[in-house]
Amino acid sequence: MASSSASCSSSSANINPQVKHDVFVSFRGEDTRDNFTSHLHAALCRKNIETFVDDQLKRGGEISTSLLDAIEGSKISIIVFSERYASSRWCLDELVKILDCKKKYGQIVIPVFYRVGSSNVRRQKGTFGTEFWKLKKNYKEKFQRWRVALTEAANLSGFDSHVIRPESKLIEEISNEVLRCLDDTFQSENKSLVGVESCIKKIESLLGTRFVVTCKLGIWGIGGIGKTTITGALFKKYSRHFEGAYFAQNVREAEKMGMSAHLRQELLSTLLNDGNVKIIPNIGLNFESKRLTHKKVLIVFDDVTDRKQIEFLIGELDSFASGSLIIITTRDKQVLINCWADKIYEVKELADADALKLFSRCAFRQDHPVACYMELTYKIIKYAQGVPLALKVLGLFLSARRKEEWESAITKLETVPHMEIQDVLKISYDGLDYVEQAMFLDIACYFVGANKDFVINYFDASDFFPEIGLGRLVDKSLITISCNKIRMHDLLQDMGRKIDREAAINNPGKCRRLWHHKDVNEGTEAIEGILLDMSKVNEIHLNSSTFKKMPRLRFLKFHGENKFKISHFEGEAFTELRYLYWDGYPSKSLPPVIRLDTLISLQLHESKVEQLWDGVPNLVNLKEIDLSYSRQLKKLPDLSQARNLENLLLKACSSLVETHSSIQYLSKLVTLDMRLCKNLNRLPSSLCELISLQKLYLSGCSNLRRIPESIINLSKLELLHLKNCSKLLSLPELPCNLFSVGNELKGIAEDALQKIQQKATSWWMKLKEETDYKYKPSCGGIYFPGSEIPKWFRFSSMGSSIEFKPQSDWINNEYLGIAFCAVVAFQDHHDEDVGFQLRCRIRFKIPSHEWYVRTIDYVESDHLFMGYHFFRGDKGGSRQDFEKVLFKIYFYNHTGAMRCCGVKKCGIRLLTAGDDFVGINLRSQQNFNSNEEEEPHPKRLKYSC
């Protein structure tokens, strides 16, 4: 039996700073890998417990360093003692290391005696002891250490499989014990979070011990006060107790940067554990939210400024299962009232004792100040007024500095009013060199939330040494980098913008960055960047003198409704311009004053451009061209010198008839977007030269008649979108790496069948080669116009379901999965923006499988849907399991399962290793249409594999 007090106790105050896993499992692979240990691992993972299990089947020599690191980096070790555990010196070395970590770090150790008595382990008796004593001859030096370790581990309180039965109950009790131990370690893990523990206790008291209904908790306070830190600790402590958990960071910034849809997708995918979640505006969200109604979830919405942000992300907050907890952090209490928060907790400033501890840890690396700095420390504490961010930044800034520097800094602080506490952060800014200061101010004014790689490219083109510079800013706590995005606290951003703005108050000629619409002026030689929201300004006239005095301009962004009128551009060239973004650019071409060889990004949305430039300019630094919705663009310019171009975005350039032949030189191009280019009638045969192309968007190119045969050579192409290409008469052979192909494809059923057979062959070969069946179930499908079920499907029926008895040849062979087919129609639904989820269910006598296939769009005519689903090799059943099979295909939308329209006919074929197509060269195989032509039909969908 388990003794929780013993197993979760810690004998050491030392905390391992390298913790990476919750649990490490030590076991004898030959005994328990494919049974008890695998089930235990799965149970722990279901409870969101980060578990390390060594998957290496071959072991020899000394235990690896990585394995020792994994043991040391775990909070808990579970030792699964089995009869042959002690026959492995590898296992015994693991055991010694585990007990060493128990003594050194207080690691929790839980022994499990699986079909072996604890006394046999303790005394090395019985079969267990026999296996162990065989090692004595060859490992005399280690043997005694191993004996002591076995005895010590066996004396710990643990779990006995002879006492707790069945195994499912044993595994559940072990999992619950691990959860309880992890909860007990929470306090020691969070000692570095000063002041957080007391806040969590107050919140727990506010909430009570149980959530009978969905509870909405609001956490409210000023910026930098610690709302996110406290909420993060709560999330870490309780997330394992919910069926789904997600922390939506910085909701306000996501909305500002246009990333709300991405955040919503990630949130729903995580909560539903479904990477295929697809959101269709106004409809998909309702459906996906409905899937959550039976799940107990924990969701954090961080930094919310409006209730609508939450509604966009998840819908109504009252639609979750009882016991769910929704946490909202905000600076505005009214937001919580509007969200009908059940409880509101206001985060107060740190108490003086906690403020002293936090500052001391940052400044002195200990919990209290050095004696000779005591008086100066208290002055800092008084000035910071308990704001954690200010305490941390100031502490790090003053760390390891002389008293004279402290006194100078404190004197400087006294000149900054308390009401503008963010200004104290300028002290860290003062410690940067000129280039680092310029990078910080650029980020504060332009790049908060921007992609790190783009920012690096921009700074690199500006000779700012971005790799070392960004590292310095991170070290100074002036920025953070999360999910490859540049982040900056609001107080720091406000400080940076204030620094830049104040530089021009007394001397406008020194103004370097214009980012506020009220600061727009005639321009000076010092200006390096302009960011202007045109929706906030009146009409502006630009002429030859507008930019004449801005030779140092590096960044130019006009966004929003265009209000510029240009007479002409003349004068000296912009020799420093790196980034040009101009919504509604009003001229027919770029003026010659813009030096193209310095640009890294050119974005002219909804412009009046007809042709960007003449000639063959040097475009060596250009990474991106975005001319989306430039409806007057008639042809592309020569891009032969844009050898580093990665993204070419031409969406809705409706006057564009063809691409330029120079596109063949864009060997680094990753994305080519030509959606809604309605007059585009062909693509160049040199398309095959785009060897790095991964995404090709052609949907809505209604005049496009053919895709060049050379597309087969685009080995990296993953996405090809061809929806609504109504004049596309044929498709060539496609690269086999494609995993997303547009829906509106004109094809022939036999080609889809051939693809299914090819995949079945590949799947069968993998199962033959592998014995542990690591392959995940695989499914897929495609649909196209059609109204008849091909004869290849052995069983067919009117309606959406089939019930039948398999033939004996199928029962006697190893089954791989199924191929299925359905004639679908939505004659009773006319909303073309709606998508429908197709789902399938197959039920044998005993086992049952259900899976989501894909989302398809509304179609007016009958369409034929073909798909497949391959099972894992270890899911096979006995012959009796297949005496009766029931197959059903159905659709969902935002209202639930659809009954008024959908499936007219359906068919199914059971795929087995005995099918005559397996192992046959499918390219030479006769197809299923008796009228098969010798040459491939021009309308067929083909793949290359």
Side-chain angles (χ1 to χ4, degrees), residues 435 438-439 442 446-447 450-470 528-530 547 550-557 569 571-582 585 587 589-605 607 609 611-628 630 633 635-650 653 659-674 684 686-696 714 716:
V435 172
M439 290 177 64
D442 277 352
Y446 312 134
F447 297 131
N451 181 277
K452 183 191 76 171
D453 297 329
F454 167 77
V455 174
I456 287 176
N457 286 334
Y458 176 81
F459 285 145
D460 193 39
S462 301
D463 298 324
F464 275 8
F465 314 104
E467 295 290 353
I468 185 65
L470 291 178
E528 298 178 0
I530 301 175
F547 296 105
M550 302 182 192
R552 302 175 62 184
L553 192 66
R554 295 184 289 115
F555 180 96
L556 180 60
K557 181 173 182 177
F569 264 130
E572 297 180 7
F574 292 159
T575 58
E576 300 296 327
L577 192 63
R578 305 295 191 267
Y579 179 85
L580 176 57
Y581 182 113
W582 194 326
Y585 176 73
S587 292
S589 63
L590 283 180
V593 296
I594 294 179
R595 280 273 300 272
L596 299 174
D597 60 331
T598 60
L599 279 178
I600 66 166
S601 179
L602 174 63
Q603 302 185 47
L604 305 177
H605 303 157
S607 73
V609 166
Q611 183 174 353
L612 277 174
W613 55 72
D614 293 317
V616 188
N618 181 7
L619 306 169
V620 64
N621 290 306
L622 198 57
K623 300 279 189 179
E624 178 179 36
I625 297 178
D626 187 351
L627 301 174
S628 297
S630 296
L633 182 69
K635 61 179 181 178
L636 287 180
D638 192 309
L639 298 173
S640 58
Q641 298 302 309
R643 302 299 178 98
N644 292 306
L645 193 68
E646 296 175 356
N647 298 303
L648 179 57
L649 311 179
L650 304 168
C653 293
T659 59
H660 196 280
S661 60
S662 62
I663 198 173
Q664 64 183 302
Y665 298 108
L666 307 182
S667 60
K668 294 185 179 180
L669 193 69
V670 175
T671 301
L672 176 57
D673 187 351
M674 303 184 73
S686 59
L687 191 71
C688 62
E689 301 296 331
L690 306 182
I691 58 176
S692 300
L693 193 66
Q694 298 177 15
K695 302 174 183 179
L696 177 57
L714 298 181
K716 294 185 178 180

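When side chains are defined from C-beta on, Leu696 does not count as touching Leu690, because their heavy atoms never get closer than 4.5 Å. A heavy-atom distance below 4.5 Å is found between the side chains of Gln611 and Lys635. At a threshold of 4.5 Å between non-hydrogen side-chain atoms, the residues Leu590 and Val609 do not count as touching. Put simply, the side chain of Ser589 does not reach to within 4.5 Å of the side chain of Leu612, judged on heavy atoms. Between Leu580 and Gln603, the closest side-chain pair of non-hydrogen atoms is not below 4.5 Å. You'll find the side chain of Tyr581 stays beyond 4.5 Å of the side chain of Leu556, heavy atoms only. At a threshold of 4.5 Å between non-hydrogen side-chain atoms, the residues Leu596 and Leu622 do not count as touching.
Looking only at atom types and distance, the side chain of Ser601 has a donor-acceptor partner in the side chain of Glu624 under 3.5 Å away.
Not a single donor-acceptor pair under 3.5 Å links the side chain of Ser607 to the backbone N or O of Tyr585. The backbone N or O of Leu650 sits nowhere less than 3.5 Å from a side-chain atom of Asp673 that would complete a donor-acceptor pair. Panel note: side chain Tyr446, backbone Gly529; a donor-acceptor pair is recorded below 3.5 Å. For the pair Ser692 (side chain) and Ser667 (backbone), a donor-acceptor distance under 3.5 Å is present. Distance alone, capped at 3.5 Å, is enough to place a donor-acceptor pair between the Thr598 side chain and the Leu577 backbone.
Scored by the side-chain contact (heavy atoms from CB on, under 4.5 Å) test, Val616 finds Asp638, Ser640, Gln641 as partners (sequence neighbours excluded). Under the side-chain contact (heavy atoms from CB on, under 4.5 Å) criterion, Lys695 pairs with Thr671, Tyr697, Leu719, sequence neighbours left out. Looking at residues two or more places apart in sequence or on another chain, you find no salt bridge (charged side-chain N to carboxylate O under 4.0 Å, His left out) involving Asp626. Residues satisfying the side-chain contact (heavy atoms from CB on, under 4.5 Å) criterion with Glu689, sequence neighbours excluded, are Gln664, Ser686. For Glu646, the salt bridge (charged side-chain N to carboxylate O under 4.0 Å, His left out) partners are Lys623, not counting sequence neighbours.
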Which atom pairs, donor and acceptor, lie under 3.5 Å between side-chain atoms of residues 453-469 and protein residues at least two apart or in another chain?
from: Asp453; atom 1: OD2; to: Asn484; atom 2: ND2; distance (Å): 3.2
from: Asn457; atom 1: ND2; to: Asp453; atom 2: O; distance (Å): 3.3
from: Tyr458; atom 1: OH; to: Arg554; atom 2: NH1; distance (Å): 3.0
from: Ser462; atom 1: OG; to: Tyr458; atom 2: O; distance (Å): 3.0

Could you go through the side-chain contact (heavy atoms from CB on, under 4.5 Å) check for Asn621 and Asp597 one step at a time? CA-CA 6 Å; Asn621 290 306; Asp597 60 331; 5.5 Å; no
Step by step, would you call Asp442 with Phe447 a side-chain contact (heavy atoms from CB on, under 4.5 Å)? CA-CA 7 Å; Asp442 277 352; Phe447 297 131; 4.2 Å; yes
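Residues Leu693 and Val670 approach most closely at CD1-O, 3.4 Å, considering heavy atoms. Contact record, Tyr665 with Arg643: O-CD, 3.5 Å, taken as the closest heavy-atom pair.
None of Leu639, Leu649, Leu619, Asn647 except one satisfies the side-chain contact (heavy atoms from CB on, under 4.5 Å) rule with Ile625; the exception is Leu639.
More than 12 heavy-atom neighbours from other residues, nucleotides or ligands sit within 6.0 angstrom of NZ on Lys557.
Summarising the geometry, atom CG belonging to Leu669 is positioned 11.0 Å from atom CD1 belonging to Ile691; distances are rounded to the nearest 0.5 Å.
Comment: Arg552 does not engage Glu576 in a salt bridge, judged by the lack of any side-chain N to carboxylate O separation of less than 4.0 angstrom.
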